[in-house]
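Sequence positions, counted from 1, serve as the residue numbers for this chain.
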Amino acid sequence: MTLPKPDIAFIPCTQEIVEAVLKLAAVNSQDILYDLGCGDGRILIAAAKQYGTRGVGIDIDPSIIESARNKALKNRVSEKLEFYQQDLFTSNFSNATVIFIYLLPHLNLRLRPQLWKQLKPGTKIISRDFHMGDWQPLKQLKLIVKEDGEVEEVTLYYWEINQ
């Protein structure tokens, strides 16, 4: 099976953003965190190391998935994490208690019906920088992040499934 090409490039989150995501989601050892478009797995690895959270990373790029698996091994959390090369729009993430996404707005909107259909009430969803159309977030967190001499404003959006 040939997977489509990525719709967005891998843009890693700084450690400050990773910490803010995990704090906003209030992750703990009972959670199953899914990172949709997981990149190198840094959010999942941090959650597993700091909170004992189990996690699943999904990305379409096989080399990025391999990198994430290797980083999980090096950080001694591979037993808590799984990484899959899959298309997000055909993936099953129904057992998630927390979802993180850093996708473009049109991809968030395309993913939204799948989130509503698959996820249980109370599941938390956090998106970096991009909203979900008319679905109003319960919380928004703005961060000013400095990296490599550059200053960037980052917004984290927080929703919960409530149907």
Side-chain angles (χ1 to χ4, degrees), residues 1-14 17-48 50-62 64-65 68-69 72 77 80-143 153-163:
M1 176 179 81
T2 303
L3 293 173
K5 293 193 184 305
D7 291 301
I8 184 171
F10 168 49
I11 303 170
C13 292
T14 64
I17 296 167
V18 170
E19 298 296 330
V21 166
L22 298 178
K23 185 176 178 183
L24 183 59
V27 297
N28 62 56
S29 62
Q30 303 306 304
D31 280 314
I32 302 172
L33 170 62
Y34 272 64
D35 188 345
L36 307 183
C38 66
D40 66 2
R42 64 184 59 199
I43 290 174
L44 295 166
I45 291 166
Q50 295 173 34
Y51 303 100
T53 307
R54 291 176 293 144
V56 176
I58 299 173
D59 205 291
I60 205 160
D61 185 327
I64 286 179
I65 287 295
R69 287 179 180 142
V77 293
K80 292 196 168 291
L81 304 176
E82 301 170 42
F83 294 96
Y84 298 105
Q85 179 195 2
Q86 293 178 347
D87 181 341
L88 296 179
F89 301 102
T90 60
S91 296
N92 182 339
F93 33 82
S94 60
N95 66 337
T97 60
V98 180
I99 298 265
F100 175 73
I101 53 177
Y102 183 21
L103 304 171
L104 295 171
H106 73 281
L107 298 173
N108 282 5
L109 290 175
R110 186 173 158 207
L111 191 61
R112 190 171 85 171
Q114 193 174 347
L115 295 170
W116 285 349
K117 180 180 179 185
Q118 289 190 25
L119 299 176
K120 297 176 281 307
T123 303
K124 304 168 194 175
I125 301 165
I126 296 178
S127 171
R128 175 179 167 181
D129 287 333
F130 302 114
H131 60 78
M132 292 226 199
D134 60 357
W135 187 17
Q136 294 301 309
L138 297 173
K139 299 176 191 175
Q140 285 186 50
L141 177 63
K142 291 203 181 287
L143 305 168
E153 184 175 303
V154 172
T155 303
L156 299 177
Y157 296 92
Y158 173 97
W159 299 267
E160 286 183 16
I161 299 293
N162 63 5
Q163 72 247 17

Undergrad: Apply the test side chain to side chain contact (heavy atoms under 4.5 Å, CB included) to residues Glu160 and Leu138: give CA-CA distance (whole Å), side-chain angles for both, the deciding distance (0.1 Å), then the verdict.
TA: CA-CA 8 Å; Glu160 286 183 16; Leu138 297 173; 3.9 Å; yes
Undergrad: Please check this pair: side chain of Asp129 against backbone of Thr155, looking for a donor-acceptor N/O pair closer than 3.5 Å.
TA: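 Between the backbone of Thr155 and the side chain of Asp129 there is a qualifying donor-acceptor contact (under 3.5 Å).
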Undergrad: If I compare all heavy atoms of Cys38 with all of Ile65, which pair ends up nearest, and what's the gap?
TA: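 Smallest heavy-atom distance, with atoms named: SG-CD1, 3.9 Å.
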Undergrad: I need the minimum non-hydrogen distance between Leu143 and Ala20, along with the two atoms involved.
TA: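 Closest approach of Leu143 to Ala20, heavy atoms only: CD1-CB, 3.6 Å.
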Undergrad: Applying side chain to side chain contact (heavy atoms under 4.5 Å, CB included), run through Val154 and Arg128 and close with a yes or a no.
TA: CA-CA 7 Å; Val154 172; Arg128 175 179 167 181; 3.7 Å; yes
Undergrad: For Phe93 and Ile32, what are the C-alpha separation, side-chain angles and deciding distance, and is it a side chain to side chain contact (heavy atoms under 4.5 Å, CB included)?
TA: CA-CA 10 Å; Phe93 33 82; Ile32 302 172; over 6 Å; no
Undergrad: Keeping the roles fixed (side chain from Lys120, backbone from Ser94), state whether a donor-acceptor pair exists under 3.5 Å.
TA: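 Side chain of Lys120 to backbone of Ser94, a donor-acceptor pair under 3.5 Å: yes, one is there.
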Undergrad: Atom CG of Leu44 and atom CG of Leu81: how far apart are they, to the nearest 0.5 Å?
TA: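 The CG atom of Leu44 sits 5.5 Å away from the CG atom of Leu81.
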Undergrad: Rounded to the nearest 0.5 Å, what's the gap from CD1 on Ile17 to CZ on Arg42? Could you check?
TA: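 So the CD1 of Ile17 and the CZ of Arg42 are separated by 9.5 Å.
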Undergrad: Please report the interatomic distance CG(Leu24) to OH(Tyr158), rounded to the nearest 0.5 Å.
TA: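 It comes to 7.0 Å.
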Undergrad: Describe, in one word, how the ring planes of Tyr102 and Phe130 are oriented to each other, choosing from parallel (under 30°), tilted (30 to 60°) and perpendicular (over 60°).
TA: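 Ring orientation of Tyr102 relative to Phe130: parallel.
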Undergrad: Report the distance from atom CD1 of Ile43 to atom CD1 of Ile126, rounding to the nearest 0.5 Å.
TA: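 Those atoms lie 9.0 Å apart.
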Undergrad: How many angstroms lie between CG in Leu109 and CG in Asp134, if you round to the nearest 0.5 Å?
TA: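 Here the interatomic distance stands at 8.5 Å.
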Undergrad: Please give me the minimum heavy-atom distance between Gln86 and Ser91, naming the atom from each residue.
TA: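 In terms of heavy atoms, the two residues are closest at OE1-OG, 2.9 Å.
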Undergrad: Please report the shortest heavy-atom distance between Ala26 and Asp31, naming the atom on each side.
TA: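 The pair with the smallest heavy-atom distance is O-OD2, 3.9 Å.
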Undergrad: Rounded to the nearest 0.5 Å, what separates atom OG1 in Thr97 from atom CD1 in Ile161?
TA: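 Here the rounded value is 12.5 Å.
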Undergrad: Check Leu119, Asn95, Leu88, Thr123 against Tyr34 for a side-chain contact (heavy atoms from CB on, under 4.5 Å) and give me the one that passes.
TA: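 Of the listed options, the one satisfying the test is Asn95.
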Undergrad: Between Ile125 and Met132, does the side chain to side chain contact (heavy atoms under 4.5 Å, CB included) criterion hold? Intermediate values first, please.
TA: CA-CA 11 Å; Ile125 301 165; Met132 292 226 199; 4.0 Å; yes
Undergrad: When you compare the side chain of Gln118 with that of Asn92, does any pair of heavy atoms fall below 4.5 Å?
TA: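 In contact.
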Undergrad: Are any of the side-chain heavy atoms of Asn108 and His131 separated by less than 4.5 Å?
TA: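 Of all side-chain heavy-atom pairs linking His131 with Asn108, none is under 4.5 Å.
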Undergrad: How close do Ala25 and Val98 get, counting heavy atoms only, and between which atoms?
TA: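 Here Ala25 and Val98 meet closest at CB-CG1, 3.8 Å.
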Undergrad: Given Leu33, which partner from the list Leu22, Val56, Ile99 fulfils the side-chain contact (heavy atoms from CB on, under 4.5 Å) test?
TA: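 Exactly one option meets the side-chain contact (heavy atoms from CB on, under 4.5 Å) with Leu33, and it is Leu22.
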Undergrad: Please give me the minimum heavy-atom distance between Gly39 and Ala68, naming the atom from each residue.
TA: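 Looking at all heavy atoms of both residues, the closest pair is O-CB, 3.7 Å.
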